Amino acid sequence: MDLSIVIPLFNEDESLPELAAWIERVMLANNYSYEIIMIDDGSTDRSWEVIEELRAGNSHIKAIKFQRNYGKSAALNEGFKAAQGDVVITMDADMQDSPDEIPGLRHMILNDGFDIVSGWKKKRFDNKFTKNIPSKLFNAAARRSSGIKLNDFNCGLKAYKKKVVKSIEVYGEMHRYIPVLAKWAGFRKIGEKVVEHRPRKYGVTKFGWERFVNGFLDLFSIMFVGKFGKRPMHFFGLWGTLFFFFGFFVFLYLTITKFFFDHTGLTQRPLFFFAILAMIIGSQLFLAGFIGELIARNSPERNSYLIEEKIGLESIKN
């Protein structure tokens, strides 16, 4: 199969018929074999009914319905597990991503050898102060900390080799950092393509101001997990050891000076309490690293979601 198009959605019943028809036109014009995987993330409108109607007219449409809202990362993770195409395309369901960009993205994966190609919405139609400026700050921080030279980490329109989506796990709110997850998995050829950003035609945005705060918190999280997720003792143990020995040597110094140079009581010297505090903090950090090692080596499956119904994907296990 040439293409899997993965579309996470939440309350997008108005846009789905037009989006599906547009994708179908592009697929037929380029003679692609394809599947469209729509993941309904607990919609409360008619999104699932619309998907069922679309499926009746186009057998290439497949779908997963979550029992409740889990978020975009969960939807993408399930879509990636179900995808069978040699190239996987992700796009949003709000009609702000253009399906006409799909052939160009696929060409860069197959002919230019990229593992991932991320869309760059260079000209945006979003609000300048609530979206564009915060987005630029977020992308600058992500570039600096990850070393990946992308202008738009959070663009929903991306293309992947099949091997990439089968090698990564997207959880929490980590959909913003899929290029970082891929880099940590060993996929380093990450490209970018300027794509069209269209004004929203139906409905309203589902994201509020809190996504920017969460975005930066997730950035710190993904950088830590990527570097120390398999060896937490290397982080906590290092700092724990440094704190403990700093406190121990200060305590030793105070003890020696008390008996040989200054007979002032230890508890009468403020530095004594700093030494004790440093040793306590060091011990706690060391124990945190030890416990982290146990958790990392025995962690259960963390991506488990309640799926109410599937269309066209019944043979794929959760």
Side-chain angles (χ1 to χ4, degrees), residues 1-9 12 14-39 54 58 60-62 72 75-76 79-80 83-126 131-132 135-136 139 142 148-165 170 175-179 182 187 189-203 205-207:
M1 185 181 295
D2 295 327
L3 283 167
S4 291
I5 302 166
V6 177
I7 305 174
L9 62 103
E12 297 287 357
E14 293 179 298
S15 65
L16 291 177
E18 187 174 341
L19 177 62
W22 193 352
I23 293 173
E24 186 177 5
R25 287 198 303 272
V26 173
M27 297 299 104
L28 292 175
N30 291 274
N31 197 29
Y32 293 145
S33 58
Y34 72 100
E35 62 182 357
I36 302 173
I37 304 174
M38 297 183 177
I39 304 94
L54 293 172
N58 184 352
H60 296 283
I61 294 176
K62 305 172 183 180
K72 189 173 182 179
L76 286 174
F80 287 164
Q84 298 300 311
D86 296 329
V87 175
V88 178
I89 303 287
T90 60
M91 62 190 310
D92 294 335
D94 55 12
M95 296 289 293
Q96 291 191 278
D97 295 332
S98 170
D100 289 334
E101 303 285 356
I102 292 174
L105 291 168
R106 179 177 180 271
H107 182 274
M108 291 180 70
I109 294 290
L110 295 180
N111 297 89
D112 298 334
F114 287 102
D115 298 314
I116 300 176
V117 179
S118 181
W120 175 18
K121 296 173 181 177
K122 195 171 184 179
K123 182 179 179 182
R124 302 183 66 97
F125 293 93
D126 294 323
K131 281 197 174 181
N132 290 0
S135 180
K136 287 181 179 180
N139 284 307
I148 300 173
K149 306 302 181 184
L150 293 180
N151 290 283
D152 193 355
F153 279 79
N154 199 31
C155 179
L157 186 57
K158 288 182 172 69
Y160 309 84
K161 285 183 179 177
K162 181 180 179 180
K163 186 177 180 181
V164 175
V165 303
V170 191
H175 60 272
R176 302 179 181 91
Y177 304 107
I178 291 179
F187 301 100
K189 192 157 186 185
I190 300 172
E192 190 169 52
K193 181 181 184 298
V194 176
V195 296
E196 179 187 5
H197 183 227
R198 298 164 54 82
R200 176 177 274 274
K201 188 173 181 180
Y202 302 103
T205 181
K206 310 302 187 300
F207 301 101

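All of these numbers come straight from a predicted model, not from anything done at the bench.
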With side chain to side chain contact (heavy atoms under 4.5 Å, CB included) as the test, would you mind laying out the steps for D97 and K121 before giving the verdict?
-> CA-CA 9 Å; D97 295 332; K121 296 173 181 177; 2.9 Å; yes
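- Between G191 and L150, the closest heavy-atom pair is O-CD2, 3.7 Å.
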Determine, step by step, whether W120 and V195 satisfy the side chain to side chain contact (heavy atoms under 4.5 Å, CB included) criterion, reporting the C-alpha distance in whole Å, the side-chain angles of both residues, the deciding distance to 0.1 Å, and the verdict.
-> CA-CA 6 Å; W120 175 18; V195 296; 5.7 Å; no
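- Taking CD1 of I109 as the start and CD1 of I116 as the end, the distance is 7.5 Å to the nearest 0.5 Å.
- Minimum interatomic distance between E101 and V194 (heavy atoms only, all atoms of both residues): OE1-O, 4.2 Å.
- Put simply, the side chain of V6 reaches to within 4.5 Å of the side chain of L76, judged on heavy atoms.
- One distance of note links CZ of R106 with CG of L110; it measures 4.5 Å at 0.5 Å rounding.
- Side-chain contact between T90 and L157: absent, with no pair of heavy atoms (C-beta onward) separated by less than 4.5 Å.
- Of all the heavy atoms in A93 and L9, the pair that sits closest is CB-CB, 3.7 Å.
- Shown here for P103 and N30, the closest heavy-atom pair between the two residues is CG-ND2, 3.6 Å.
- Interatomic distance, CD1 of I61 versus CD1 of I23, reported as 8.0 Å (0.5 Å rounding).
- Residues S15 and D94 have side chains that never bring a donor and an acceptor to within less than 3.5 angstrom of each other.
- The pair K161-D86 does not meet the salt-bridge criterion, since no charged nitrogen lies less than 4.0 angstrom from a carboxylate oxygen.
- Closest approach of G79 to I39, counting heavy atoms only: CA-CD1, 3.9 Å.
- For the pair K189 and D112, the salt-bridge criterion is not met [side-chain N within less than 4.0 Å of a carboxylate O].
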Show your reasoning for whether side chain to side chain contact (heavy atoms under 4.5 Å, CB included) applies to D115 and I190.
-> CA-CA 6 Å; D115 298 314; I190 300 172; 5.6 Å; no
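- When each of E196, H197, R198 is checked for a side-chain hydrogen bond (donor to acceptor under 3.5 Å, both in side chains) with Q96, only H197 meets the rule.
- In this structure, V117 and K158 have side chains that are not in contact, with every pair of non-hydrogen atoms separated by 4.5 Å or more.
- Here the side chains of Y32 and M1 are not in contact, with every heavy-atom distance at 4.5 Å or above.
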After noting the C-alpha distance and the side-chain angles of I7 and I5, does the key distance pass the side chain to side chain contact (heavy atoms under 4.5 Å, CB included) rule?
-> CA-CA 6 Å; I7 305 174; I5 302 166; 4.0 Å; yes
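- You'll find the ring centres of F187 and Y160 outside the 6.0 Å limit.
- You'll find the side chain of M27 reaches within 4.5 Å of the side chain of I102, heavy atoms only.
- You'll find the side chain of L19 reaches within 4.5 Å of the side chain of M91, heavy atoms only.
- Side-chain atoms of M108 and K193, non-hydrogen and from C-beta on, do get closer than 4.5 Å to each other.
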Determine, step by step, whether D152 and K122 satisfy the salt bridge (charged side-chain N to carboxylate O under 4.0 Å, His left out) criterion, reporting the C-alpha distance in whole Å, the side-chain angles of both residues, the deciding distance to 0.1 Å, and the verdict.
-> CA-CA 8 Å; D152 193 355; K122 195 171 184 179; over 6 Å; no
Pair E35-S4, side-chain hydrogen bond (donor to acceptor under 3.5 Å, both in side chains): steps then yes or no = CA-CA 5 Å; E35 62 182 357; S4 291; 2.5 Å; yes
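- Looking at heavy atoms from C-beta onward, N139 lies in side-chain contact with F153 at the 4.5 angstrom threshold.
- In this structure, K72 pairs ionically with D92, as a charged nitrogen and a carboxylate oxygen lie closer than 4.0 Å.
- Interatomic distance, CD1 of I89 versus CD1 of I37, reported as 12.5 Å (0.5 Å rounding).
- Inspection of the E192 and S118 side chains reveals no N or O donor paired with an N or O acceptor under 3.5 Å.
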